[in-house]
Amino acid sequence: MKLVVTEKNDAAVKIADLLGATKPKADKVFNTPVYRFEVEGEEWVTIGLRGHILEPDFAPSLIYKKRGGWEGVTAEGEALPAAVPADLPKPPFKKKKPFTADGVDLKGWKMEALPYLVYAPIEKLPKEKDIIRSLKNLAKKADSIVIATDFDREGELIGSDALACCRQVNETAPVSRARYSAFTKPEITHAFANLVPMDDDLASAGASRQDIDLIWGAVLTRYLTLVKFAGYGNVRSSGRVQTPTLAIIVERERERMAFVPEDYWVIRGAFDAGAAAGPTAGDGPEAFEAPHATARFKVEAEADAAMAHVEGAVSAKVTAVEKKRRKVPAPVPFNTTSLMAAASAEGISPARCMRIAESLYMDGYISYPRVDNTVYPDSLDLAEVVNAIAGNPAYGPYCKELLAAGPLKATRGKTETTDHPPIYPTAKATPDDLSAADYKLYNLIARRFLATLSGPATVEGTKVTLDVAGEPFVAKGDVLAEPGFRAIYPYGLKKDEQLPAMAEGATIAFNGATCTKKQTEPPARYSQGKLVQEMEKLGLGTKSTRASIIERLYQVKYVQNDPIEPSQLGIAVIEALDKFAPHITHAEMTAELEHSMDRIAEGEVTKAEVVDKSRQLLSEQLESLMPHSEEVAEALSDAVAADAYVGPCPKCGKDLQLRASHKTKSMFIGCAGWPDCDVTYPLPKGKIEAVPEKCPTCGMPQVKVTAFRSKPRVQCIDPNCPTNQEPEVVVGKCPACAERGLDKQLIARRNPRTLKRSITCENFDECQTRYPLPQYGDIIPTEEVCEHCGAPMVVIKTARGPWKLCPNFDCPGKEEEEKAKGGARRGAKRK
DNA sequence: GCAAGGTC
C-alpha cells in the first residue's frame with residue numbers, strides 16, 4: 001500500500017480524485033478521513049493532516065552535572081545537547097522553586113529562570129494526537145510513503161514532522177516527496193511521476209523559525225508578565241511579529257503627538273449658473289460652491305485681502321472650461337491581503353473576514369481563502385464561474401452582458417504564485433442562503449470577481465475656472481461617464497459631482513464667499529485594513545497569521561478602537577523594549593531570520609548555528625533588560641493605571657479606576673484606595689472607555705459606553721446623577737395578578753445598583769412577575785396586550801428605529817417566532 | 001499562563 005500524506009483534508013480529497021483510476025472511497029481511520037483508490041493495481045491511500053501536527057516546547061528541565069556541565073532533559077528522560085555557554089552561572093541548588101534539586105524548572109514562570117530558559121532544550125511534542133494516531137496506523141502497513149504537503153518551507157516542515165511520526169512505526173518504507181503547485185490533473189500527475197527526495201535543509205529552516213519564535217516569545221513574554229505581575233489572565237506578550245507590528249502603531253501615535261498643527265484659511269464662493277448676477281436664492285439646480293484657486297491660504301492677511309476683493313461682487317466670469325476623460329482601471333483579483341483590506345473598508349475586521357471566508361470556503365461558496373496570488377491561472381475556466389453565479393438576480397444581467405461581449409479577459413495583479421488561484425466565488429449564493437454578514441463578504445468577493453473581468457470605468461472630470469473681481473475660483477466636478485467595472489463594483493465609489501453646464505466667457509451669479517479657519521491634520525491612525533497591508537510590505541507575518549496577530553494585540557489590550565490606537569500599556573511596552581531589547585521591536589528581525597533560513601535551506605549553515613546565534617543575541621538583550629526591571633515595572637504599572645483612570649474619587653481623592661470583577665467578569669469602577677476606601681460605581685454592559693470631560697450637571701467623571709451594535713454614548717458614572725434618572729413608566733396591568741383578581745400595575749424602571757432595566761410588578765413580592773428589558777431606548781407603553789401570554793406590549797424606541805415587543809421572556813409566542821426564523825438562514829443555524 | 005505557523 002502506498003501512503004500519501006497531505007497538509008489538509010481538502011488536498012487529500014483532490015489528489016485522490018485526480019490520481020485514482022477508480023473512484024476514491026472515503027474511509028476513516030479512527031476519526032480521520034482517508035481516501036482509498038487504486039493506481040495500476042496498487043492500493044493507494046491519502047490522508048490529510050491539519051497543518052502542523054507537532055509543536056515545539058521546552059523540555060521540562062535543564063540540569064547541571066558536576067561532571068559534564070549542563071544537560072537538557074526531555075520528557076522521556078533522554079539527554080539532549082543544549083547549546084549552553086560554559087560560563088552560564090551554575091544554578092543555586094536549592095530545593096526551592098524555580099530551581100529544583102535537579103536543575104532549572106523551565107515550566108515554572110520565574111524571573112530567575114529566564115537566563116536559563118534562553119538555553120533550554122526544545123523538543124517536539126504531539127499537537128494533533130488523533131491525526132498522529134491515524135497516520136501511524138496507516139504508516140505501519142505502508143510499503144512506500146509519499147509526502148505531498150504544500151510546496152513551501154512550512155509545508156516541508158509539516159511533511160518532515162509527519163515522516164518522523166511514520167518512522168516510529170515503519171523504519172524501512174521508502175519515502176519520496178511530491179511537489180505540485182496546483183490541483184490540476186497534469187500538475188498532480190507530473191508531480192507523482194517525478195517524485196523527489198525530501199528536502200531536509202528546507203525543513204530545518206522552518207524548524208529554526210519555530211525554535212527562535214518560541215524562545216524569544218517565551219522569554220520576553222515571561223519577562224514582561226513577571227516584571228509587574230498583574231494577576232492571571234494579564235499576560236504581556238511579545239513576539240517576532242506582534243511586537244514590531246505594535247511598534248508601527250506606536251510610532252504613528254508618536255508622529256501624531258509630535259505633530260504641530262498649522263492654521264490655514266479656506267475661501268469658498270457660492271455661485272449660480274442659472275442667473276447672470278446675484279444675489280440669487282442659491283438653492284436652485286444650477287447653484288454650486290467652489291473654492292478659491294488657492295486651496296489653502298497660509299497667511300491670514302492674504303485670505304483677508306482676497307475676501308476684500310470679492311466683497312460686494314455679484315457676478316463671476318467663466319474664464320475657462322476644461323473637460324478631461326480619465327480611465328480608472330478595473331481592480332485586480334483578490335488575494336488574502338487585498339480581500340482583508342477591502343473588507344476592512346466595509347466594516348469587517350481582518351480577523352472576522354478570515355473567519356467568515358473560512359466558513360464560506362468550507363461550504364463551497366468561495367475558493368481557498370489563504371493565497372498570495374493575484375493572477376488567475378489558465379486552468380481556471382472564467383466563463384464557467386460567471387455562469388455559476390449568474391443565478392443570483394443581482395449579478396444575472398451583468399453576467400449575461402459579460403459573456404455576450406466576447407471572450408473573457410481578466411485583470412492581473414502584481415503577485416503571481418502558483419499555490420492557489422486568487423479568491424473567487426465557486427457557487428451561487430443569494431441573501432436567502434447566507435447570514436447577513438456572510439453574504440456581505442460573499443457579495444464583495446463575487447462582485448470583485450466580475451469586476452476583474454470588466455473594462456475600466458471612464459470618469460469625466462470638469463474643471464471650471466471662474467473670475468470674481470480678479471480673484472480666481474476653481475470648480476471641479478467628476479461624473480461617471482462610462483461605468484465599466486463600476487456597474488457591478490460600487491465599493492469605494494465617490495458620488496458624482498455634477499457641475500451645471502457653463503460656457504467659456506459666460507457671466508454667472510456670485511452669491512458671496514466665506515472664509516474658514518482650519519488646521520492641518522496629523523497623519524491618520526492605521527485602520528486594520530491598512531495595517532495588514534503595512535505588515536505585508538514589511539514582511540511581517542504571513543497571509544494566514546496577520547489577522548490573528550492584530551487580534552492578539554487587542555486581546556492583550558495593547559491597542560484599542562479602529563482606527564487603531566495604542567493604549568498607554570502598548571506604548572510603555574514598546575518604550576521599554578526599544579530601550580533595552582530593541583531587536584524584538586523591529587521588522588528587521590524577521591528579514592534577518594528569512595535570510596538565515598535561506599542559508600539553511602541552501603545548506604550553507606546549520607539550524608543549530610542559526611538558533612544558537614539567536615540565543616546569544618537574546619541572552620544579551622535579556623542581560624540589558626534585567627538590571628532595569630524596576631524601571632520597566634514602574635513604567636508598565638503607571639501605564640496600566642493611566643489606561644484605567646476615569647477621574648478622582650469624590651470621597652478620598654485617589655484615582656477612580658476601571659476594574660474587572662473577578663467574580664462576575666464584568667466591569668465596574670473602583671477606587672485605587674481600596675480597601676481603605678470602598679467607593680464603587682456600577683457600569684452598564686458594553687465597551688467602556690474613560691473620557692476626560694466631566695459631567696456638566698454634577699461634575700463627576702463620565703465614561704463612553706458602546707453597547708453591542710449601538711452607537712457610543714457618554715454618560716455620568718454616578719447612577720444618582722440627575723442625567724441618569726429615568727422616569728418610571730407604567731406599561732400596563734400585571735397578567736399574573738389579574739388572574740388572581742388583583743389589579744396591579746407593571747412598571748418599567750432601572751435598578752440603580754445593577755443598572756439593569758426591567759418591567760416589575762408593583763406587587764412583585766407576592767407575584768414575582770418581572771420581565772427583562774433592553775438597556776437602552778425609550779420605553780413607550782401601548783394599549784395592546786400580547787396574544788400569547790397577556791403581558792402588555794411595549795415599544796422600544798432606539799436610534800435604529802422603534803420596535804414593538806412582548807417583554808415576557810418565557811412567552812410561548814417567542815418559540816414560534818424562533819421556529820419560523822430558524823433554518824432559513826445558515827448563520828442562524830450555525831450558532 | 002509564552003510565539004508564529006499551519007489548518008477546522
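Residue numbers begin at 1 in each chain, while the letters A, B, ... track the order of the sequences.
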Between B:dA4, B:dG6, B:dC2, which nucleotide gets closest to the side-chain atoms of A:H52? B:dG6
When you measure from the side-chain N and O atoms of A:Y223 to the phosphate of B:dC2, is any distance below 4.0 Å, counting only OP1 and OP2? no
Distance, rounded to the nearest Å, where A:Q210 contributes CD and B:dA3 contributes P: 15 Å
For A:S238, which contact category applies under a 4.0 Å heavy-atom criterion: base, sugar-phosphate, or nothing? sugar-phosphate
Would you list the atom pairs, donor with acceptor, under 3.5 Å between side chains in residues 587-594 of chain A and any protein atom, with sequence neighbours excluded?
residue: A:T590; atom: OG1; partner: A:R240; partner atom: NH1; Å: 3.2
residue: A:E594; atom: OE1; partner: A:R153; partner atom: NH1; Å: 3.4

By the 4.0 Å heavy-atom rule, please label A:F229 as base, sugar-phosphate, or nothing. base
According to salt bridge (Lys or Arg N to Asp or Glu O under 4.0 Å), does anything in residues 616-641 of chain A pair up with another residue at least two apart or in another chain? List the pairs. A:K579-A:E631
Mind checking A:N234 for me? I need base, sugar-phosphate or nothing, with any heavy atom below 4.0 Å counting as a touch. nothing
How long is the line joining CG of A:L540 and C1' of B:dA3, in whole Å? 14 Å
Quick one: label A:T542 by what it contacts on the DNA or RNA (base, sugar-phosphate, nothing), any heavy atom closer than 4.0 Å. sugar-phosphate
Any side-chain N or O of A:Q242 below 4.0 angstrom from OP1/OP2 of B:dA4? yes
Short side-chain N/O contact from A:R240 to OP1 or OP2 of B:dG5, under 4.0 Å: yes
Nucleotide B:dA3, atom P - distance to CG of A:L224 in whole Å: 11 Å
Identify, with sequence neighbours excluded, every residue that meets side chain to side chain donor-acceptor pair (under 3.5 Å) alongside A:D578. A:T585
Contact class for A:R552 vs. all strands (heavy atom < 4.0 Å): base, sugar-phosphate, or nothing? sugar-phosphate
Who are the ring-ring contact (aromatic ring centres under 6.0 Å, His included) partners of A:W216, not counting sequence neighbours? A:H583
Whole Å only: how far is the NZ atom of A:K127 from the P atom of B:dA3? 14 Å
Please work out if A:T545 contacts a base, only the sugar-phosphate, or nothing of the nucleic acid, heavy-atom cut-off 4.0 Å. base
Distance, rounded to the nearest Å, where A:E536 contributes CD and B:dA4 contributes P: 18 Å
Touch check for A:E7, heavy atoms < 4.0 angstrom, all strands: base, sugar-phosphate only, or nothing? sugar-phosphate
Quick one: which of B:dG6, B:dC2, B:dG5 gets closest to the side chain of A:W109? B:dC2
Please find out if less than 6.0 Å separates the ring center of A:Y180 from that of A:F151. no
For A:S238 and A:T221, indicate whether the former's side chain and the latter's backbone hold a donor-acceptor pair under 3.5 Å. no
Which residues pass the ring-ring contact (aromatic ring centres under 6.0 Å, His included) test with A:H52, sequence neighbours left out? none
To the side chain of A:S237, which of B:dG1, B:dC2, B:dG6 is closest? B:dC2
Please determine, by modelled atom types, if A:Q533 and A:T337 share a side-chain donor-acceptor pair under 3.5 angstrom. no
If a pair satisfies side-chain hydrogen bond (donor to acceptor under 3.5 Å, both in side chains) and one of its residues is in residues 156-165 of chain A, list it, with sequence neighbours excluded. A:K124-A:D161, A:E156-A:R177
Which of these passes side-chain contact (heavy atoms from CB on, under 4.5 Å) with A:I53: A:D130, A:I158, A:L135? A:L135
Please list, chain by chain and in numerical order, all residues satisfying side chain to side chain contact (heavy atoms under 4.5 Å, CB included) with A:E602, sequence neighbours excluded. A:E604
For B:dT7, take OP1 and OP2 only and decide whether either is under 4.0 Å from a side-chain N or O of A:R370. yes
For A:D211 and B:dA4, give me the distance from atom CG to atom C1', rounded to whole Å. 12 Å
If you find the nucleotide of DNA chain B closest to A:H420 and the one closest to A:P56, which residue's nucleotide is nearer the 5' end? A:P56
Sorted by number, the residues of residues 566-580 of chain A with heavy-atom contact under 4.0 Å to DNA chain B: none
Could you check whether A:D161 gets within reach of a base, just the sugar-phosphate, or nothing at all, counting any heavy atom under 4.0 Å? nothing
Under 4.0 Å between any heavy atoms, over every strand shown, what does A:E55 touch: base, sugar-phosphate, or nothing? Just pick one. base
May I ask you to say what A:G155 touches in the nucleic acid, namely base, sugar-phosphate or nothing, with a heavy-atom cut-off under 4.0 Å? nothing
Can you list, by residue number, the residues of residues 212-222 of chain A that have a non-hydrogen atom closer than 4.0 angstrom to DNA chain B? A:D213, A:L214, A:G217, A:A218, A:T221, A:R222
